[in-house]
Amino acid sequence: RAITNDAARTAALLSGDVDLIAAVPGNDLANVRANPALTVFTMQSNRCFFWSVDVDRDISPLVTDTDGKPLTKNPLKDVRARRAMSKALDRDALVSRVMQGQGVPASQFMPDGVPGTNPNLKPEAFDLDGAKNLLSEAGYPNGFGLTVASTNDRYINDAAMTQAVAQMWTRLGLKIIVNTLPKAVYFPRAVKLEFSVLLSGNSTDTSEPLSQLNYVLGTFDASKGIGAGNYVGYSNSELDKLLATASVTLDDTKRAAVIAQVYELALGQDVAAIPMLFQITAWGM
């Protein structure tokens, strides 16, 4: 039967009113595990939470100086600024404090072991001093202003996660405004490229990453059905060629090698997006 909220879901399981629930809330895991009549089964999902960053426009709509005045040059176009933002994220703290342990730090869009994942890419280590140095090298020793957008009703802990990340980027020296929106408002605005930095979450039902990569990183092309989830206008012709090659490579091992190159180019070199973490799914029974 349908159960409308987390508290009611857990209560129904604890009372014996239902035999199985999906997505046990992190705050309730201890209570469920403590009940000898119940079992919790957990598994890392392939849903990755990541930050999409405006790497394309010369002037980004929600980027300002520290006084709130719109900048005439987009600092997010500088890979050093994007890498600084990644280094400033304490992914372990996000997993333990925001996700109540129900997460795994991410370096790419699919977890280790999935064909195409790149073994050379590891989750960016938290390094605030290194992040500040990179931001200075990019020409912003005093930071800049940024509005960070996310949903508040789409992903597990999405609003809380955004608030936590905002605090981390504030310590980097950025002046952050958080804008959390219902998904019904958020995604139509994202499609119109109205945001400069936004929280994204994506997975693939089959664990085959090519459709996901075309959707998120491919240069937008409506006629080919590519780039519909590319909310920041990222475009790299070399990456598009790799995606096209992978799409017609039938040998699994060779295709996985090409996809690994896609990850290295887009996330390792370009930092076109900032992977954050994978959620862990919990079932109570």
Side-chain angles (χ1 to χ4, degrees), residues 1-52 89-106 109-114 123 148-168 178-191 198-209 211-212 215-216 229 275-285:
R1 66 184 177 85
I3 303 174
T4 56
N5 60 64
D6 288 345
R9 185 184 302 124
T10 304
L13 181 68
L14 292 170
S15 68
D17 190 34
V18 297
D19 297 317
L20 173 71
I21 62 169
V24 180
N27 291 332
D28 292 325
L29 277 172
N31 288 336
V32 175
R33 285 192 171 111
N35 190 318
L38 305 177
T39 299
V40 174
F41 175 78
T42 61
M43 182 177 180
Q44 179 179 334
S45 76
N46 65 12
R47 179 175 293 282
C48 181
F49 295 138
F50 61 95
W51 294 97
S52 297
L89 293 183
D90 189 338
R91 291 167 175 81
D92 290 332
L94 291 170
V95 167
S96 62
R97 298 172 191 172
V98 180
M99 298 296 290
Q100 296 93 34
Q102 296 302 104
V104 177
F109 294 154
M110 297 293 284
D112 291 343
V114 174
V148 177
S150 83
T151 53
N152 55 25
D153 61 354
R154 174 63 182 93
Y155 309 115
I156 295 175
N157 300 319
D158 47 8
M161 197 172 347
T162 301
Q163 292 288 351
V165 168
Q167 293 177 25
M168 294 174 183
V178 172
N179 184 21
T180 63
L181 300 164
K183 59 187 177 184
V185 177
Y186 179 82
F187 287 107
R189 291 188 60 183
V191 169
L198 63 157
L199 178 67
S200 296
N202 201 268
S203 64
T204 169
D205 291 339
T206 64
S207 291
E208 203 294 316
S211 61
Q212 179 188 49
Y215 177 77
V216 174
M276 187 165 50
L277 57 88
F278 298 101
Q279 72 180 60
I280 290 177
T281 302
W283 293 265
M285 59 197 78

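Just so you know, these numbers use all the heavy atoms, side chains as well, and skip hydrogens, waters and symmetry mates.
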Exercise. Measuring from F278:CZ to D112:CG, what's the distance to the nearest 0.5 Å?
Worked result: 7.5 Å

Seminar exercise, completed: Value for OG1 (T180) from OH (Y186), rounded to nearest 0.5 Å, stands at 10.5 Å

Exercise. Are L198 and W51 close enough, and set up right, to give a side-chain contact (heavy atoms from CB on, under 4.5 Å), and what steps lead you there?
Worked result: CA-CA 6 Å; L198 63 157; W51 294 97; 5.6 Å; no

For this session: Return yes if some donor-acceptor pair links the side-chain N/O of N202 with the main-chain N/O of C48 below 3.5 Å, else return no.
Result: no

Problem set entry | Stepwise side-chain contact (heavy atoms from CB on, under 4.5 Å) check, V216 with F50 | CA-CA 11 Å; V216 174; F50 61 95; 3.8 Å; yes

Exercise. Quick one: are L199 and R154 in side-chain contact, heavy atoms under 4.5 Å?
Worked result: no

Exercise. Stepwise, does the side-chain contact (heavy atoms from CB on, under 4.5 Å) test hold for M285 with L20?
Worked result: CA-CA 4 Å; M285 59 197 78; L20 173 71; 3.9 Å; yes

Exercise. At their closest point, which heavy atom of V24 faces which heavy atom of G284, and how far apart are they?
Worked result: CG2-N, 3.4 Å

Exercise. Distance from F49 atom CZ to M161 atom CE, nearest 0.5 Å?
Worked result: 4.5 Å

Exercise. Measuring from R47:CZ to T281:OG1, what's the distance to the nearest 0.5 Å?
Worked result: 9.0 Å

Exercise. Between R33 and L38, is any pair of side-chain heavy atoms under 4.5 Å apart?
Worked result: no

Problem set entry | Non-hydrogen side-chain atoms of Q44 and Q279 separated by less than 4.5 Å | no

Exercise. Does a side-chain heavy-atom distance below 4.5 Å link V148 with N179?
Worked result: no

Exercise. Which pair of heavy atoms, one from Q102 and one from T42, lies closest together, and at what distance?
Worked result: NE2-CG2, 4.0 Å

Problem set entry | Partners passing salt bridge (Lys or Arg N to Asp or Glu O under 4.0 Å) against R189 (at least two apart in sequence or in another chain) | E194

Problem set entry | Minimum side-chain heavy-atom gap Q212-N46 below 4.5 Å | no

Seminar exercise, completed: Shortest non-hydrogen pair, N152 vs A159, comes out as CB-CB, 4.0 Å

Problem set entry | Close side-chain approach of S45 to I280, heavy-atom, < 4.5 Å | no

For this session: Determine, step by step, whether W283 and V40 satisfy the side-chain contact (heavy atoms from CB on, under 4.5 Å) criterion, reporting the C-alpha distance in whole Å, the side-chain angles of both residues, the deciding distance to 0.1 Å, and the verdict.
Result: CA-CA 6 Å; W283 293 265; V40 174; over 6 Å; no

For this session: May I ask you to check whether S150 and D158 show a side-chain donor-acceptor distance below 3.5 Å?
Result: no

Distance-only donor-acceptor hits, side chain of residues 91-100, under 3.5 Å, sequence neighbours excluded:
| residue | atom | partner | partner atom | Å |
| --- | --- | --- | --- | --- |
| R91 | NE | P275 | O | 3.1 |
| R91 | NH1 | S86 | O | 3.1 |
| R91 | NH1 | E124 | O | 3.2 |
| R91 | NH2 | S86 | OG | 2.9 |
| R91 | NH2 | P275 | O | 2.9 |
| S96 | OG | D92 | O | 3.1 |
| S96 | OG | A93 | O | 3.3 |
| Q100 | NE2 | V98 | O | 3.0 |

